[in-house]
Number of protein chains: 6
Amino acid sequence: MSAPAISRYPVPKLADLPEDVRARMLEVQEKAGFIPNVFLTLAHRPDEFRAFFAYHDALMLRASGLTKAEREMIVVATSGANDCLYCIIAHGAILRVYAKNPFVADQIAVNYRDADITDRQKAMLEFALKVATRSVELVDADFDKLRGHGFGDEDMWDIGAIAAFFALSNRMAALTRMRPNDEFYLLGRLPKAK
Amino acid sequence: MSAPAISRYPVPKLADLPEDVRARMLEVQEKAGFIPNVFLTLAHRPDEFRAFFAYHDALMLRASGLTKAEREMIVVATSGANDCLYCIIAHGAILRVYAKNPFVADQIAVNYRDADITDRQKAMLEFALKVATRSVELVDADFDKLRGHGFGDEDMWDIGAIAAFFALSNRMAALTRMRPNDEFYLLGRLPKAK
Amino acid sequence: MSAPAISRYPVPKLADLPEDVRARMLEVQEKAGFIPNVFLTLAHRPDEFRAFFAYHDALMLRASGLTKAEREMIVVATSGANDCLYCIIAHGAILRVYAKNPFVADQIAVNYRDADITDRQKAMLEFALKVATRSVELVDADFDKLRGHGFGDEDMWDIGAIAAFFALSNRMAALTRMRPNDEFYLLGRLPKAK
Amino acid sequence: MSAPAISRYPVPKLADLPEDVRARMLEVQEKAGFIPNVFLTLAHRPDEFRAFFAYHDALMLRASGLTKAEREMIVVATSGANDCLYCIIAHGAILRVYAKNPFVADQIAVNYRDADITDRQKAMLEFALKVATRSVELVDADFDKLRGHGFGDEDMWDIGAIAAFFALSNRMAALTRMRPNDEFYLLGRLPKAK
Amino acid sequence: MSAPAISRYPVPKLADLPEDVRARMLEVQEKAGFIPNVFLTLAHRPDEFRAFFAYHDALMLRASGLTKAEREMIVVATSGANDCLYCIIAHGAILRVYAKNPFVADQIAVNYRDADITDRQKAMLEFALKVATRSVELVDADFDKLRGHGFGDEDMWDIGAIAAFFALSNRMAALTRMRPNDEFYLLGRLPKAK
Amino acid sequence: MSAPAISRYPVPKLADLPEDVRARMLEVQEKAGFIPNVFLTLAHRPDEFRAFFAYHDALMLRASGLTKAEREMIVVATSGANDCLYCIIAHGAILRVYAKNPFVADQIAVNYRDADITDRQKAMLEFALKVATRSVELVDADFDKLRGHGFGDEDMWDIGAIAAFFALSNRMAALTRMRPNDEFYLLGRLPKAK
């Protein structure tokens, strides 16, 4: 039996890719041990690939008042609201690794209200979910509420922009029927061997 | 009385911007006669600015089976569904100009079903709106329906990806309370002077 | 090419109409310079025509604590929530004229929260939208909130009744696929010639 | 203990009403044995009262391809969708009387799909509910479907217009917290005495 | 004409039923004068029948801080939200009997906010409806609000568990197209003969 | 630090439980290696505990045209729609074990349309989700569609009744804030040791 398709669209061979796109893939493969399918799927269109990951990195790698785990919480919560399998599974794995917690990703994907996180993080996710699902209703009071939890203006931009970027990402995953790599399902669930 | 703010966030002065960001603004100003506020608002974060417009151009300027007017139809219809004032007003103006039609943007922003467009374009917008508002429900039958209207696989990526990109864009406009430039409201509504 | 139909239903000739219905049309034509299609469309049934405009006038022309522009704001906001093209375009035009503001109608049709209006007017529209979209949830607290903004009991009836009347109007426009007159799109967008 | 209020607004005394408004009330009292509270509630504003009942009569009393019972079915089904107690109770009573059926009103108010009515009547109510709850989605196919059940163009106007008029009526009942008369609850539930 | 089916599924004859199931039916028939169709419908599967009524009795017959009428209010309000005809009609009848009030069941089935009940009971129904329709959003504040109305922890379990049990019951009624007995429609509507 | 609470309500000690309830717990502990928290949480009320598990067993253990894995698919899909963490995690684990597939539970909890299951199973889940989320809309055509996939009448009762029972279960989990046991998260994800 052949492996299930990882995309509705053709997946290019590494050899056929532009140098910079291939380099990016090999770099992530070096680090993760495999190439996440989002790279292979989006490489179908190198210009969009470049813009996508440039945007991703600008938000997820920048110095920020949010920890890396918190940024992944936003990804997982909003992808849960959008029912995006790829992002829940892939970013759930990354969140487990960053948070060193095998439970928190599943909790947040389903219902942040009862997750093992701080009240500050719950307020962050409430804001992110409003951006994700009914952004027209955003008002000053939503920003004030976050300020009350110690978030600064740039933190709020981070929260909102990550929710906005994964609104794009979730829809691209749905469009391409992007399949999560098998590796992600187990990642971060086992105690580290010593 | 001072002019209304164009963003919840600080708007940088042109002089303070990185050279490439400023160049991009001057280029659009040269062409349009003014700088659309999306440039000024997003310039608050140059890295995200660069990624945003690289993504935008990759989708909106590429050779495609969709005309430029059709691509703007997708923007206007999905921004209408998301109740995003900036994108409805700004891209509504661009659509009027491309389509040389002073009515079609308002029609599509409210209800593409009764707009003065072809059945093929209505099918395109139905698909785009599904990506925009309930992408989890996308199934093969949706793609087959577009094929029946003569759309190819790459056209469908274009439709879905534009809907996805403006899912991001609409949310950034809501986050920043991005104000449409006054100029957009009238653009393309008047018969061209001869 | 023939002009697009202005109704799914037959549109009577002026000569064939009952005297009072025709008189009403000529009166509005005299004032506006054209006959809005709502008159032509509803004249298909003179009894309903008479009741419709009697109701309209009872609400929109009466002495009221609401200005005429405010009443049109309610029409535009609730018609926006109902995605009714005819009422957004026609009453958007009237609102621009009454408010002497070329932007406010488009703002309110999409999102009153960020429109250039007062907090009192935003509270008025919040109430109107509740009547329009989930009237079963109306409770005393909603009335108290308006009282806090200085609205009296009769003002609240006006707000609610206008929202209710355009719930009817929006549905009649959808039923008949009522087409906005081309003239409305531009009305009130240009600075008055001096 | 005082009787519960029948309106959030003052209810005029018959003696204080304009002659035509009072005459209408006495006429209905003569026929029904009591004055339905919708008359007393709306009489707070005689002009709107007149327009409301003129509209009501134009739709509900005209010669039509729909029976009187069918027209009341539309009222009950759409008022059910809007959760309007007054109209469900009052028009449910009228429907029981017209249909000579003590069960059908309760059935239709909750779920027309399983009511003891014909397939043609179910199609009629499906259309009416689309007008009531998502009229923007009305397309030609909806009209064609009714034609397949033998409805003519004027019948469809009747169906849609009744749904539209009670969209108004339901919202006025919510605004005024209009209380159904006690009499309505039992009307048409008992076998006629012989 | 044959009587309308009371279930999509076969309805067993009393003679063919297991002894305990039949006994339960005869007991209710003795008390009510007829066998409610929920017994006949669910008897199609005796094991599920037994569990269903054991669960029902555990909640509805136990000693509780809620009166029997209040428990039926929860059933009627949540069944109204789920548009379940059988439960609205059957439990509406029971509620009328327990509350000795011919109006309150219809009121609560449609809109508890304006029903003739206490504020405490409205708070109870607000909580029950949250359990019924969006239980993921339950938070501590919802429990605190009930505490403010004098409800204890066990009362809150009762409220939530009744809403939960009728979430099951409403769906079984929909699955089987369970028909309310004619008797229920009139029960509790007439003044007791003396 | 103390362990997180497994319920909003008191959790009884095994020693304090009625004999039959304790026996049931020890039996499951024997088999699973731990006591799932649903047993501990619901044991707060032994009568409801007994009815709950009697109902559960009547549906999940009976001879059926559905495999045990398919029945768990229904639980996972409908619990996903209800955002119920406990049931997604606990029954997701059981599904992985029954289906001998480490991926299918996560897939189905998020979007059955793209899961690695048969078309017949997708039709089953579509029906189950309709029962779970909008059962009022069930019509004969839904049953016919399942018949076309080879499901018999009793299979359809199973599908609908499992969806109905977990409508109850999901709400009890939300009411009690039932916490999934840590063990469930990893169960069925690792290749069996040989």
Side-chain angles (χ1 to χ4, degrees), chain C residues 7-10 41-42 44-59 61-62 78-79 81-85 127-128 130-140 142-143 153-154 156-177, chain D residues 7-10 41-42 44-59 61-62 78-79 81-85 127-128 130-140 142-143 153-154 156-177:
Chain C
S7 171
R8 268 200 184 93
Y9 282 84
T41 300
L42 296 186
H44 177 60
R45 293 218 178 155
D47 284 348
E48 297 169 37
F49 176 102
R50 290 179 189 107
F52 183 92
F53 288 105
Y55 215 133
H56 174 276
D57 293 354
L59 289 168
L61 305 183
R62 79 188 292 271
T78 60
S79 300
N82 287 329
D83 292 321
C84 176
L85 185 70
F127 184 92
K130 191 165 188 181
V131 174
T133 62
R134 45 196 184 92
S135 62
V136 65
E137 297 179 24
L138 277 178
V139 288
D140 287 345
D142 297 308
F143 291 78
D153 286 349
E154 295 306 312
M156 296 188 235
W157 179 298
D158 283 342
I159 298 170
I162 293 170
F165 177 73
F166 281 89
L168 154 64
S169 183
N170 292 171
R171 283 159 181 81
M172 286 308 298
L175 179 72
T176 57
R177 206 177 45 214
Chain D
S7 171
R8 269 201 182 92
Y9 282 84
T41 302
L42 296 187
H44 177 59
R45 293 221 179 152
D47 284 347
E48 297 169 37
F49 176 103
R50 290 179 189 109
F52 182 91
F53 288 105
Y55 215 133
H56 175 274
D57 293 354
L59 289 169
L61 304 184
R62 78 187 293 270
T78 59
S79 299
N82 288 330
D83 292 320
C84 176
L85 186 70
F127 184 92
K130 191 164 187 180
V131 174
T133 62
R134 44 194 184 95
S135 62
V136 65
E137 297 180 23
L138 276 178
V139 288
D140 287 344
D142 296 309
F143 291 77
D153 287 349
E154 294 307 311
M156 296 187 234
W157 178 298
D158 283 342
I159 299 170
I162 293 170
F165 178 74
F166 281 89
L168 153 65
S169 183
N170 291 171
R171 283 160 181 80
M172 286 308 298
L175 178 73
T176 58
R177 205 175 47 212

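Throughout, protein chains are lettered first and strands after them, A, B, ... in sequence-line order, and every chain is numbered starting at 1. Values below: all heavy atoms of this structure, side chains included; hydrogens, waters and symmetry mates excluded.
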Chemist: List the residues meeting side-chain hydrogen bond (donor to acceptor under 3.5 Å, both in side chains) with H44(D), not counting sequence neighbours, and say none if there are none.
Modeler: E154(C)

Chemist: Only counting residues at least two apart or in another chain, list the ones meeting side-chain hydrogen bond (donor to acceptor under 3.5 Å, both in side chains) with N170(C).
Modeler: S79(C), N82(C)

Chemist: Any idea which of L85(C), I159(C), D83(C), D57(C) has the most non-hydrogen atom pairs under 4.5 angstrom with chain D?
Modeler: D83(C)

Chemist: Within the 4.5 Å heavy-atom criterion, are R171(D) and F166(C) side-chain neighbours or not?
Modeler: no

Chemist: If I measure from the heavy atoms of chain D, does T176(C) come under 4.5 Å with its side chain, its backbone, both, or neither?
Modeler: side chain

Chemist: With chain C, which of V131(D), D142(D), D47(D) has the greatest number of heavy-atom pairs at distances under 4.5 Å?
Modeler: V131(D)

Chemist: Considering only heavy atoms, which portion of R177(D) lies under 4.5 Å from any heavy atom of chain C: side chain, backbone, both, or neither?
Modeler: side chain

Chemist: Sort out for me which of A54(C), S169(C), A167(C) touches chain D most, counting heavy-atom pairs under 4.5 Å.
Modeler: A167(C)

Chemist: For Y9(D) and W157(C), indicate whether the former's side chain and the latter's backbone hold a donor-acceptor pair under 3.5 Å.
Modeler: yes

Chemist: Measure F53(C) against the heavy atoms of chain D and call it side chain, backbone, both or neither at under 4.5 Å.
Modeler: neither

Chemist: Between D140(D) and R8(C), is there a side-chain heavy-atom distance shorter than 4.5 Å?
Modeler: yes

Chemist: Report the distance from atom CG of L59(D) to atom CZ of R45(C), rounding to the nearest 0.5 Å.
Modeler: 7.0 Å

Chemist: Find the one option among E48(D), E137(D), M172(D) whose heavy-atom pairs under 4.5 Å with chain C are most numerous.
Modeler: E48(D)

Chemist: Answer with side chain, backbone, both or neither: which region of R50(C) has an atom nearer than 4.5 Å to a non-hydrogen atom of chain D?
Modeler: neither

Chemist: To the closest 0.5 Å, what do you measure between CG (L175(C)) and CZ (F143(D))?
Modeler: 5.0 Å

